[in-house]
Student: 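First the structure, which I've put down as structure tokens, then a few questions once you've had a look.
Scope of the values below: all heavy atoms of this structure, side chains included, with no hydrogens, waters or symmetry mates. All figures in this text were calculated on a predicted structure; none of them were measured in a lab. Numbers restart at 1 for each chain; the letters A, B, ... are given by sequence-line order, proteins then strands.
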Amino acid sequence: MTLLRVENLSRSFGGIKAIDDLSLTIRPGPIHSIIGPNGAGKTTLFNLISGIYKPGGGRIVLEDADITGHAIWRLAELGLARTFQNLQIFFNMSAIENVMVGMHLKSDSRFITSLFRTPGIVKGDQDKREEAIRLLEFVDLGDYLDADTDSMPYGALKRLEIARALATQPRIIMLDEPAAGLNPAETVAIDGLIQKISENGITVILVEHDMRLVMGVSEHIFVLEGGRMLAEGTVADIRNNPDVVAAYLGESGRDR
Amino acid sequence: MSADFLQFLFSGITVGATYALVGLGFSIIYNASHVINFAQGEFVMLGGMATVFFYGAGLPMPLAMAMAVAMTIFIGMALEKFAVEPAKGASIVTLIIITIGASIFLRGLAEVLWGRNFHSLPPISGSDPINIGGALVLPQSLWVVGGTIVIVITLAWFFNRTMTGKAMVASASNPLAARLVGINLKFILLLSFALSAMLGSIAGILIAPISLAYPGVGIMLGLKGFCAAILGGMGNPMGAVLAGLIVGISEALTAGYISSAYKDAVAFIIILAVLFLRPNGLFSTGGTERV
Amino acid sequence: MSPLNMPGRNGLLALIATIMVLPLMLPNAFYFDIVILIGLNSIVCIGLNLLIGYAGQISLGHAGFFGIGAYFSAILTSTYGWPATAAMVVGAVVVGLLSFIIARPIMKLQGHYLAMGTLGLGVIITIVLTQESDLTGGPDGMPVPGFSIFGWEPYGETVWYWIIAAVLVATVWLSLNLIASPVGRALRAVHGSEIAAETLGVNVVKYKVLVFVLSAIIASLAGSLFAHYTGFITPDTSGFIHSIQLVTMVVLGGMASTFGAVAGAAILTILPQLLTVFHDYEHLVFGAVLIGTMIFMRRGLVPTLADLFNGRQK
Amino acid sequence: MKPGLFRHLTIAAAAITMAVGVSNSDAKAADPIKIGSFLAVTGGASFLGDPEKKTLEMYVNKINADGGVIGRKLELILYDDQGNPANTVPFVKRLINDDKVDILLAGSTTGSTMAAIPFVEKAGIPFISFGGAGVITSPVKKWVFKTPHTDTLAVQKIFTDMKARGISKVGLLSGSGGFDKSCRKQVQTLAPGSGMTVVADETHGKGDTDMTPQITKIKGTAGVQAFMYCGFGAATSIVAKNYKQLGASMPHYQTHGSASKSFIKNAEGGAEGVRLPAAALVVVDALPASHPQKKVAGAYKAMYESKTGDSISSFGGHAYDGLMIAVEAIKRAGSTDKAKVLAEIEKTSNFIGADGIYNLSASDHLGLDEASFVMVEVRNGDWKMLK
């Protein structure tokens, strides 16, 4: 069974191949991680899957539907959600409003009803607000409901992005370095959060540099290097793969 | 027919050269600060008006011109110091309004100093037209074009050959790195306004004998110069020069062959067409947003 | 659910109270005239604020739409004898279509390129209105017959005061509603981060087009009312300077604040009248005030004051 | 909102406004007579507005020094609309509603005048305009008069002169302002009847600073024998300058819109040889002693030139005539009652002004004939009367 399939994907920037004929398969359920040195193409891969970049070649298939070149916002409809390496918080809105934007597709977004604030809109917003409170509490941000986002700490914003992505009720959530910039305690909390998300039946794809986090939560790991697949497998497979060890530790590692 | 064409062409190149200088000013400031200086057209106005009045006060013409340029440079630097620098980090819209406020202020200043009326400035070397291939060209037009060529070449030399010029280019492409290697960004910013003011005032002095000098002369010139800067790809000085000439020539040809009524629309029609096809300007290579 | 239980209710009530009391304090028709102009400017600015303040897309050409509305009303009623309401609607529809066609390419532009694109659009509109002088009277403008609706012809500043007041209150109410709705959140999300909004299922292009068209139509309707009220229009109503005034009102009052738009409109309409005491120094002082306000109250008047009031430091 | 409340407030507000209004307009005998004005004191048409303003101020002071009119002083309330009709509208409203003037002597340009007319007609205030075009008083508007010669008279005069020189094909350039357009229309209308053909018809935009493309085109038109320009303001000088720069040698005509020394000065030699119809005032010194206007125009010229140090233009004369017609009418009416003053202005007959001799009536709100219009040519930087 596959949920998401990437087939022979390529993309280059100014002659440099960021993603080079890459194929991979995501099964529904387990936590998948993508690792690799800087410039290996991890974030580019995320941007290709979520439609922000258009691929130079290859296909992306969600279940049986070809989603290559789809408009970005349609992918949310299909159950694909993500967070960003560089925070993309709506700093002009409160925390709870950020999450409510995530429920956009399930909201009444008709123009006329919005203008006249029909009872339907009022009721809808109440429901959405309650749901958003639940989500914020789920990511442990219950204290920040109506907080101004530009006065929230960095770690909280990281979790807010996750709550916002969850609000779209995704089947797949792609987390781009959720632990970057966090202190050890916060990293542990993120670790727990990722597991909790997975337990809710959402397939997690994780890009992360924190190896302890990756090795702790992942069930399947892809290792990229130079836009190509260096290795894939379980945590044990990857740990014992000499190529990976070499890539991470350099030539000296191989000698040992 | 061909004499007419030449006539239109010369007319277009003359006006286009002014647009080029104004566009160049936009580009230089944009490079240094990412600010669109809507007061750029006012530098042109100040250059022309100040010369008229220094000359009228009895100074010899070259001295009057030099004084006008110096005065405009001083005003440009004051603008940077007292209006742009304190607003560091403000949003694009806020900065646009600040520079528009500055342009209103400078127009007001000119009105207070010199009144609201039209003034003429005698041409630098007579007004007997020169016959070139059947077209009659004013000596002043040659001054405008020649002046622009000299300025463009000097600037190219400045940016490519001098330490200060190179520092300006470096801080435009990577401010952080520039600061790390010890370039004084504040100084660069001040310099960029001084340079733009100088370009504007020279354009104003050169064009004044042709267009008259009055407080409102900078508005349209400023907008057309902005067109040139955008058309050339914001922050691409040579692109701005080329685009300024393209705009000027298109205008003159439109007035000559199609309709003089829609002459002023030409620049804006070109810019819309280009922006719709190439959202980052005619001579830009385009970039990708990093997420 | 009471209809009064809405976001910004207190502000709206305060606005209504002000409108009710104001006539008692205005000595003559000249002052009514200024207040009516404030109202008209506020209406345009509320629409423009949806575009600039909430959706984060600048426009330096909105006076163009205002001008088209004004001229459609003027030409259709005076030259072709149409009823004022029909002319107003046709003007709004034309502006709606024009802005819809232009919105897709223009809303693709970012930052300064968007500023240039909208500026160019506005300038082109002004030039057309100036040059098609057989229809528009050219640079010297044209007279506009009075407004009439169902045979009733409002005349005099006091009657117009109440008409514009009613339209203003309605516009504020609709704007507050819209901002607090899912559509409003989507608009604000576009401002916050287009990429993030898009990944959450917000069709960014659609919302940009929507808000651009909406603000253009509001400007057009206000333009029609202005034309009938003032009785004489020139291409300056559509000009670059007017566009700049509108944007300045929005920014000065405070971006992303409906009441800020009203406050900005009020200040910038009154200020030039007050500054006439400076005679020749008028422009000098106006420019200085503009620069000063933008430097020291970067977020605009209403949000800055609100922060002070709430004791918050920013 | 309750409809009752709404209606009450409307009525209350209306009542207050009216009460305030009534108390203000209930003028006492000692109150000054308020003369309202909006002129193009600065800007592109300032050479119209500036002498008009100086003339009004000068003569209002003189009249007040001599004891005023019907025992009351004159008070001049003047705004600078820069000749831009968009600026005119608020000033007109202010003059009518806030300043509550008794009479309007205003409008340097046709555009400003036309913008003001709807408000003046509605308010019912006598309005003597200094605008040039015929449309101002043709058709007649109840409250609106004008003192300057019309474009119709000017075009007729020019065509007569052209015919005398054997010219029948004319190339026309015009600006886009109200006067320019009105003049262009007169040229097109009057040409066939006068045996003229308009072989080129070019226009330029407001505020244009380079007319060489248009003039190049006109110059190159087959058969063209003379060049004519319809317009006023800074553009007149630019056209003359460009015309000379392009080496054009055909006869060059402009209108009375160029009849000021600043036209000659700013054209920097380009005005040499340009012919135009002008009020007798500009060549008053050359007039024979028997000329009926010699005395009035001479006195005005002497006073204007000694007080201001500027040289005379016919535009100040428009203001002089307007003010004098108004003062005479108020004297005859014995009050500033607007209807009475209107009736008295219409009774003005054989009034000798600086600009011409006026015979006004209910059906003629201009009252000038061709007699006071003379053809002049620029020679050696000055006006030379043609015979």
Side-chain angles (χ1 to χ4, degrees), chain B residues 26 30 34 36 38-39 79 82-87 89-112 115-116 215 219-220 223 226-227 229-231 234 259-265 267-272 275-277 279-281 289 291, chain C residues 52-53 56 58 60 102 104-106 108-117 119-128 130-133 193-196 199 240-241 244-245 247-248 250-252 255 278-296 298-300:
Chain B
F26 272 107
Y30 180 81
H34 280 237
I36 296 288
F38 273 95
L79 172 67
F82 298 113
V84 175
E85 207 182 286
S91 69
I92 289 182
V93 196
T94 308
L95 282 166
I96 285 179
I97 292 185
I98 287 177
T99 59
I100 285 172
S103 86
I104 297 172
F105 178 85
L106 292 179
R107 229 174 300 150
L109 186 72
E111 286 171 4
V112 170
R116 293 178 183 178
I219 302 177
M220 235 341 165
L223 292 185
F226 183 32
C227 267
I230 290 276
L231 200 57
M234 204 67 220
S259 146
S260 46
Y262 282 96
K263 178 187 68 118
D264 278 334
F268 301 98
I269 291 169
I270 296 177
I271 197 90
L272 279 182
L275 284 181
F276 289 174
L277 298 174
N280 291 313
E289 194 182 353
V291 211
Chain C
I52 299 181
I58 192 173
L60 298 182
I102 205 97
R104 265 173 195 274
I106 222 166
K108 259 190 211 150
L109 305 174
Q110 305 270 351
H112 298 117
Y113 294 99
L114 179 61
M116 181 74 242
L119 186 161
L121 181 66
V123 173
I124 291 172
I125 291 173
T126 313
I127 292 176
V128 172
T130 311
Q131 296 302 338
E132 294 306 312
S133 55
S193 161
E194 286 190 23
I195 284 289
T199 61
F240 172 64
I241 306 284
I244 292 299
Q245 283 170 342
V247 174
T248 310
V250 170
V251 178
L252 190 74
M255 298 224 283
F278 290 101
H279 294 290
D280 292 346
Y281 294 85
E282 195 182 318
H283 287 139
L284 198 71
V285 176
F286 183 71
V289 169
L290 216 54
I291 298 174
T293 326
M294 290 301 27
I295 291 174
F296 297 111
R298 221 174 268 191
R299 298 172 55 234

Student: If you measure from CG on L252(C) to CD1 on I97(B), what distance do you get to the nearest 0.5 Å?
Tutor: 8.0 Å
Student: I'd like to know which of V128(C), I52(C), V251(C), T130(C) tops the heavy-atom pair count under 4.5 Å against chain B.
Tutor: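 Heavy-atom pairs under 4.5 Å are most numerous for V128(C).
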Student: So Y113(C) and I271(B), side chain to side chain contact (heavy atoms under 4.5 Å, CB included) or not? Walk me through it.
Tutor: CA-CA 10 Å; Y113(C) 294 99; I271(B) 197 90; over 6 Å; no
Student: Quick check for you: among I96(B), I100(B), I219(B), L223(B), which has the greatest number of heavy-atom pairs under 4.5 Å with chain C?
Tutor: L223(B)
Student: Give, for atom CZ of F268(B) and atom OG1 of T126(C), the distance between the pair rounded to the nearest 0.5 Å.
Tutor: 9.5 Å
Student: For chain C, which candidate among A229(B), A267(B), G108(B) shows the most heavy-atom pairs at distances under 4.5 Å?
Tutor: G108(B)
Student: If I measure from the heavy atoms of chain C, does S91(B) come under 4.5 Å with its side chain, its backbone, both, or neither?
Tutor: side chain
Student: Begin with the C-alpha distance, continue with both residues' side-chain angles, and end with the deciding distance and a verdict on side chain to side chain contact (heavy atoms under 4.5 Å, CB included) for L290(C) and F105(B).
Tutor: CA-CA 9 Å; L290(C) 216 54; F105(B) 178 85; over 6 Å; no
Student: Can you tell which of G101(B), P86(B), A110(B) has the highest number of heavy-atom pairs within less than 4.5 Å of chain C?
Tutor: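 Among G101(B), P86(B), A110(B), the one with the most close pairs to chain C is G101(B).
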Student: Is chain C contacted by the side chain of F82(B), its backbone, both, or neither, given a heavy-atom distance below 4.5 Å?
Tutor: backbone
Student: Could you tell me which of V93(B), L106(B), I92(B) has the largest number of non-hydrogen atom pairs under 4.5 Å with chain C?
Tutor: V93(B)
Student: Relative to chain C, which segment of L272(B) carries a heavy atom at a distance below 4.5 Å: side chain, backbone, both, or neither?
Tutor: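 It is the side chain, since no backbone atom gets that close.
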Student: Indicate yes or no: at least one non-hydrogen side-chain atom of Q131(C) is less than 4.5 angstrom from one of D264(B).
Tutor: no
Student: Taking the six-membered ring where the residue is Trp, are the ring centres of H112(C) and F226(B) under 6.0 Å apart?
Tutor: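 No, the ring of H112(C) stays outside the 6.0 Å limit from the ring of F226(B), centre to centre.
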Student: Can you measure from CD1 (I36(B)) to CE (M116(C)) and round to the nearest 0.5 angstrom?
Tutor: 9.5 Å
Student: To the closest 0.5 Å, what do you measure between CD1 (I127(C)) and OH (Y262(B))?
Tutor: 8.5 Å
Student: Let me know if I98(B) has heavy atoms under 4.5 Å from chain C in its side chain, its backbone, both or neither.
Tutor: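 Interface part for I98(B): both.
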